[in-house]
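Structure record follows, encoded as structure tokens.
Remember, predicted model here, so these are calculated numbers, not experimental data.
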Amino acid sequence: MLPSSPSAPIDSSQPHAAGTNVSVMVPAPMPTALTYQVAEGQNVVDGSIVKVPLGKRLVLGTVWGQSHDEVNPKRLKPIEAVVDAPPIREPLRQFIDWVADWTLSAPGMVARMVTRGEELMQRDPPVTAVRRAGDPPERMTPARQKVLDVITGADAYTKPGLADLAGVSTAVIDGLVKTGTLETLQVQREPGRIEPDPDFDPRTLTEGQADAVHALIAEGPKDGSLDVALLEGVTGSGKTEVYFEAIANTLRQGRQALILLPEIALTAALLDRFAERFGAMPGEWHSGITPKTRRQVWRGTAEGKIKVVIGARSALYLPFEDIGLIIIDEEHEAAYKQEEWVSYNARDMAIVRARFEKAQVILASATPSVESRINAKAGRYRHVPLPARYASRPLPSLAAIDLRRTPPERGMWLSPPLVEAVNDTLERGEQSLLFLNRRGYAPLTLCRTCGHRFECVMCSAWLVQHRFTQTLNCHHCGHVEPMPTVCPECGNANTLVPSGPGVERIAEEVATRFPDARTLVLSSDMMGGPKRLKAELEAVAGGEVDIVVGTQLVAKGHNFPGLTLVGVVDADVGFGQGDPRAVERTFQLLTQVTGRAGRAEKPGIGLIQTHMPDHPVLQALLAHDAERFYALEEAARQRAHLPPFVRFVAVIVSGTDAGAVKAHANHLKAIARSPETIDVLGPVDAPLAMLRGRHRQRLLVRGPRGRETQSFVKAWLAKSDRTRGDMRIDVDVDPQSFV
DNA sequence: GCTGTACGAGAG
DNA sequence: TCTCGTACAGCG
């Protein structure tokens, strides 16, 4: 059936009369909105999406309010048309203004993230339908009778839909149209949406889960002030069930909810779980969905018809009619940081949007980021721990293997104790996971004769050798070249040797050491798309594999009931110096990976190969002592004069000439008067050296508290004569500094 | 962001 | 002299 519903006006603000001037955000990197005139017969309100002339073309813009700018009347142009779409509501407009201000980007470009492309706003095109129009045909047949039996009243049906219901082919329906019994008409198809039902299939919660649910929905601030809760529960503690109850609560209040996930690969499983709990599919939003779904979800959220969306970080810019809850799952994930164009951490931006929308935020993680943990401990966020493991799954027993005492044999990477443990596991018919967060065969290739090291021509990172594809790959910029047979430096053949291990090399060692074991490599660069990955994960879960060699891809998702041993091939990779976040990431990753071992009745074993078994962070990991880890990290940041929330602000200067970047660095240093407050670290190579054919360099500016550093950079930009399109600001903010 | 235009280098 | 590629200003 095809109910047709008129589109109701959603924004209550008054229309601007014909002839008034309004500010319109246009998709161009301009500092302010432009002024246009409302034409006769146009229903223009604040937030209206409009088509306006800009230079030679027509663009989509958003009405920001009445304009008081003085514009040369000769230049002033009228609005071309008002788009048939719900206006962008005030809280979202305020959010756009805020993001533009904070990231020092043009507000029009931020607004573009909401109103990207006209097709987003369009309704589905009308479809041809049929309905009863006249008397039964003179020649009645059994098939025709079936069709007429199905039709009730004056309802309209699509042809294939009606044919399917009646169990006949569409030719029968065409016949009935010919006889005049049925008539065709054009109808607006409304996506047949079933609303999620908060009471569809409520789960029995453990005591710990019930407490957490109560804390989330009943203990928040009552005065409408910002409510951020950190839901911290180890893997398998049932975080999802807990935040589903918070969503149920939001639905009962008639408001909408958004779940953000760090990567698309995780959405499919969560969509299914959601449908089981709520009896309806939520909206799905990420780069991989079809244009049709995009359109439907955009409009559906704007009209309030879609109540829940599960999506990637860009879903944060959906025009929800009334969003009451934003959940950021795996809040510690670096994938929430967008590094291109308008740069932001979606987790922090979600908190800002929630403030404007008067919505609640739940940050969920088994291993929260250090800053969220500190905020929770300091009482700025509500800390909601979820202690008990679901189905009382015990924590794995962890131990370090000291590679200085029991090193692997020459040219090998698995030490005798780890090999023995894998053997034992194989004998018991259980599964082992060997984890190494390095794709490919070897992270470095060099020439034995002349010492030549293969580097990327684009960004001078080491090229990673891949044996499967016989290539040298740059994991920074994606550059790929065929594996050469002779050294390009000295011309000698057969002198190129791989240095260090990647997962492919570990797999090779596994094949020689355990020739009878069924082995699988799980690495993001060798999977044949999500389908193949899903099949492989199911094969592992089904016990068809004895040894898995994997990168961080194996850290989450899918439960492997037969997995009882996790071996970390090299824990030291992440404990090196340089990136202040490396230690944190390593702790989080190793906690997740080792947490995969074991099941309810059998605790798992985690063996961690390392050259520094006494490293305090490793010790905290082995003791399952997260408190100790967070204390260590906090202390480390203080020692480095990084307040807990210190952020890096990078000014990215794009241009043809690296000398100009140095000049900018010097300029910045000259005006940074108080080095304790603001530190210009100078130019560094951007990881993505080649973007759009232009060489990019990045200036790092380090400062405490986003605000001060921001205003410093802003002041510099204001003085700088190169403010036109050349600067991009990468902001890693402290959410507290704007709350 | 896009587009029209100005300008300098290289080809004929 | 013409063509092509890059730089740059302006858009209401």
Using distance only, find each side-chain donor-acceptor pair of residues 55-65 of chain A under 3.5 Å and give its atom names and separation, not counting sequence neighbours.
{"from": "A:Trp64", "atom 1": "NE1", "to": "A:Asp97", "atom 2": "OD1", "distance (Å)": "3.1"}
{"from": "A:Trp64", "atom 1": "NE1", "to": "A:Asp97", "atom 2": "OD2", "distance (Å)": "3.0"}

Calculate the interatomic distance between A:Gln37 atom CD and C:dG12 atom P; express it in whole Å.
14 Å
Could you tell me the separation between the NZ atom of A:Lys56 and the C1' atom of C:dC11, rounded to a whole number of Å?
11 Å
Without decimals, in angstroms, what is the distance between A:Trp64 CH2 and C:dG12 C1'?
17 Å
Whole-Å distance, A:Leu58 CG to B:dG1 C1', equals 15 Å
Please report the distance, rounded to the nearest Å, between CE in A:Met30 and C1' in B:dC2.
10 Å
Short side-chain N/O contact from A:Arg57 to OP1 or OP2 of B:dT3, under 4.0 Å
no
Could you tell me whether A:Asn72 contacts a base, only the sugar-phosphate backbone, or nothing, with contacts defined as non-hydrogen atoms closer than 4.0 Å?
nothing
Whole angstrom is fine here: how far is it from CG in A:Leu54 over to P in B:dG4?
12 Å
Whole angstrom value for the distance that separates C1' of C:dG12 from CG of A:Asn21
9 Å
With no hydrogens and no angle check, just 3.5 Å: does a side-chain donor-acceptor pair link A:Thr471 and A:His466?
no
For A:Phe274, the ring-ring contact (aromatic ring centres under 6.0 Å, His included) test, sequence neighbours excluded, returns A:Phe244, A:Phe278
Are side-chain N/O atoms of A:Gln256 and A:Thr250 paired as donor and acceptor at under 3.5 Å?
no
Interatomic distance, A:Leu34 CG vs B:dG1 P [rounded to whole Å]
16 Å
